[in-house]
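Naming: A, B, ... by sequence-line order, numbering from 1 per chain.
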Amino acid sequence: MTDRPVRVRFAPSPTGYLHIGGARTALFNWLFARGRNGRFILRIEDTDRKRFVPDSLDDLMSNLRWLGLQWDEGPEVGGPYGPYFQSQRLHLYRHWAHWLVEQGHAYRCYCSEERLEAVRQEQLARGDPQPGYDRFCRTLTAQQRAQHEAAGDPCVVRLAVPLEGSTTFHDAIRGDITFEHSQLKDAVLLKSDGWPTYHLAAVVDDHLMEISHIMRADEWLSSAPLGVLLYQAFGWEPPVFAHLPIILSPTGKGKMSKRELVNPDGTVIPVLVRDYRARGYLPEAMFNFLANVGWSLDGSTEVFTPEQAIAAFDIAGINPAPAALPFEKLVWLNGVYIRQLDDDELYRRLVPFVAQGLGMSEAEMAARPELRPAVPLIKERIKTLAEAAPLLSFLFVDGALDYPDPTELIGDKMTAAQSAQALAAAHRALADLPDFDQAAVEETLRSLAEAMGLKSRQLFGVVRVAVTGAKVSPPLFESIAILGRERTLARLQAAQQALAPLAVA
RNA sequence: GCCCCCAUCGUCUAGAGGACUAGGACACAGGCCUUUCAAGCCUGCGACAGGGGUUCGAAUCCCCUUGGGGGCACCA
């Protein structure tokens, strides 16, 4: 069974946007396929018509591609095993469900929702340790069945789980796992509307699509024996199973929710890939990060390329223990990847984020001269693309600035009057500089500090707040050079005026 | 409640009986560099859940306990 060509699938249902856990599952499947000369298949399990979310399919595909996880077969690319939407394969499930009934491996169940509910309530009240369908219809007589059929009663098809014995299957990550049949339920295979449930659809498709390895989330482990029983009933060779550890909430306590998580300190940890994307995480960082949850390249290399991951990936190397999402590590990694980008590339990626952050259109931003030269200034100061806008907003304000808190303009161990004098002196010194570039500005301000008997940090601090409006900013001289003489002088002057009332007192 | 899975620093992990005074990374703390903040470099803090076995020897194997997680739908 292991010498089959490698064909793996990611099979999401279009009931929600791509979750970070789903992305990790897709990533592992992709890595395995790429490393084994295999095929990575995207199959859409759209058999739940009630929970269908219309734009989720686009989100799934868009974000999978964003992460670089292009599929070899599936929606929009086709393939020899299609269709890849379960909603277009209904006839197959019906055929095989009926086949199972004929073979005696499944049976028709005419129980109403009401009876099922009543049974459930009764079991609950009794404290039944194993609540579930009581197999009422499994023992219907031929006559009773005929009556139901004649009456046109709606029915579902249920798997007739063997009453005794047990099923053991091998999990490539966890080893042999055994379930007693007495613990299993006669699961519904075909719903009364004629649509299949996951159990049937997945097995039929995995077999027909010649899937060699099933790598899916841990939550499927409990129902895996049902799948194995189905393979046996069909007489089909089951694929290799590998149940991936689930991802826990970043606190390490409890599972990862389906909605974003807000920490006590106010930090928001997204769970949807689209949110990470929107918040300025790089796909290459995301890829690297996800590959490191539940698996590691070699135990010590934290930053690696997809090629390295492909070469080293191995199912047996997956850690079976559930893992908390190490969100802080992603933030760090994203910074690493941002610093690795060359300036032109970072600029390209920054444009939409800075534009959005400052309320401009991308076209407007692209037309501004300030952003490109500022890129090397902020490169090692941002951890996400979204952090650039607040850092650079001072470059996109015309003319002077407002100083809501003028005391910020007072330098370290200086009075307001001294600070105002320093600003005036800086203004004079910079006003008639022949070349207003970084080197000239720095040279000028350094000598000015010396001439005024100020420590460079004192003078630069005052000028920094005056020019950028903040105590923390990108490097001063480069920032001033990008700002230009006119705006710099205007701000130096405005800052003096803001300081004036304080200087008097 | 029942079934199944899991268990190394706060977190992500390396470790598949001796190479472990348990390695790497993030975070945190301190230092260096320095025009702020970063980045970078150095140092530090910090774990084999507990108890029984097996063995000359256990983080590694077995059992129990505890803890965490998943499942028990005409959802996937």
Side-chain angles (χ1 to χ4, degrees), chain A residues 11-16 45-48 50-51 109 111-113 116 120 124 127-133 154-158 171 173-174 177-180 182-185 187-193 195-199 201-202 216-225 243 245-246 248 250-255 289 292-303 316 319-333 335-336 339 377-383 391 412 442 445-446 449 455-461 463-465 468 470-477:
Chain A
S13 68
T15 52
E45 310 217 322
D46 53 349
T47 56
D48 184 342
K50 296 190 186 92
R51 294 196 303 153
C109 167
C111 291
S112 65
E113 303 259 15
L116 258 24
R120 211 182 338 265
L124 226 57
D128 190 327
Q130 292 183 53
Y133 181 57
C155 71
V156 301
V157 172
R158 287 183 185 272
D171 183 279
I173 298 173
R174 299 155 207 281
I177 298 171
T178 299
F179 285 82
E180 296 296 326
S182 59
Q183 297 295 331
L184 271 25
K185 305 293 177 312
V188 171
L189 265 20
L190 206 61
K191 306 179 217 174
S192 57
D193 61 5
W195 288 55
T197 60
Y198 172 84
H199 306 296
R216 81 241 283 194
D218 195 48
E219 66 204 67
W220 293 107
L221 194 54
S222 295
S223 63
H243 290 91
I246 61 149
L248 268 27
T251 60
K253 291 189 172 186
K255 64 175 173 180
F289 170 68
N292 256 331
V293 182
W295 182 77
S296 70
L297 188 79
D298 57 16
S300 60
T301 307
E302 301 286 335
V303 183
N319 183 344
L325 225 227
F327 181 71
E328 292 297 331
K329 221 163 170 173
L330 168 63
V331 175
W332 163 76
L333 238 200
V336 170
R339 275 170 252 136
L377 272 46
I378 59 164
K379 194 176 197 172
E380 55 194 30
R381 274 163 250 267
I382 55 174
K383 296 239 171 47
L391 229 41
D412 188 30
E442 174 162 9
L445 292 181
R446 278 195 193 284
K455 292 202 182 266
S456 47
R457 55 188 307 126
Q458 293 179 297
L459 205 223
F460 299 167
V463 174
R464 181 187 308 282
V465 177
T468 69
K471 290 199 163 199
V472 173
S473 81
L476 187 57
F477 316 118

Expressed in angstrom and rounded to an integer, what is the separation of A:Ile173 atom CD1 from B:rC6 atom P? 10 Å
Would you indicate, yes or no, if B:rU13 has its OP1 or OP2 atom less than 4.0 angstrom from a side-chain nitrogen or oxygen of A:Lys329? no
Taking the C1' atom of each, how far is B:rU13 from B:rG53, in whole Å? 29 Å
For B:rG44 versus B:rC6, give the span between their P atoms, rounded off to a whole number of Å. 37 Å
List for me each residue that meets salt bridge (Lys or Arg N to Asp or Glu O under 4.0 Å) alongside A:Lys191, sequence neighbours excluded, and say none if there are none. none
Can you sort out the partners of A:Asp128 under salt bridge (Lys or Arg N to Asp or Glu O under 4.0 Å), two or more places apart, ordered by chain and number? A:Arg126
Taking only side-chain N and O atoms of A:Arg457, does any of them lie within less than 4.0 angstrom of OP1 or OP2 on B:rU36? yes
I need the NZ-C1' distance between A:Lys455 and B:rU36, as an integer number of Å. 16 Å
For B:rU35 and A:Arg446 - does any side-chain N or O of the residue sit under 4.0 Å from the phosphate oxygens OP1/OP2? yes
Can you check each nucleotide of nucleotides 14-22 of chain B against protein heavy atoms at under 4.0 Å and return B for base, S for sugar-phosphate only, - for none, in 5' to 3' order? S--------
Spell out protein contact along nucleotides 59-64 of chain B as letters: B when the base is contacted, S when just the sugar-phosphate is, - when no protein heavy atom is under 4.0 Å; keep the 5' to 3' order. ------
Using nucleotides 40-42 of chain B, report all nitrogen or oxygen pairs with the protein that are shorter than 3.5 Å.
residue: B:rG40; atom: OP1; partner: A:Arg339; partner atom: NH1; Å: 3.1

From CD of A:Gln183 over to C1' of B:rC72, roughly how many Å is that when rounded to an integer? 9 Å
Say we look at B:rA16 and B:rU66: how far apart would their C1' atoms be, to the nearest angstrom? 26 Å
Side-chain N or O of A:Ser222 versus OP1/OP2 of B:rC5: is the shortest distance under 4.0 Å? no
Could you check which nucleotide pairs with B:rA38 in any of the strands shown, counting Watson-Crick or G-U wobble with both distances under 3.5 Å? none
At under 4.0 Å, does any side-chain N or O of A:Lys191 touch on OP1 or OP2 of B:rC75? yes
Do any N or O atoms of the protein come closer than 3.5 Å to N or O atoms of nucleotides 45-48 of chain B, and which pairs are they?
none

Using Watson-Crick or G-U wobble geometry with both distances below 3.5 Å, tell me the partner of B:rU66, or none. B:rA7
note: A:Leu297, atom CG; B:rG23, atom P; distance rounded to Å ~ 20 Å
Counting side-chain heavy atoms from CB outward, which of B:rC74, B:rU36, B:rC2 is closest to A:Pro475? B:rU36
Could you state the CD-P distance from A:Glu380 to B:rU34, rounded to the nearest angstrom? 15 Å
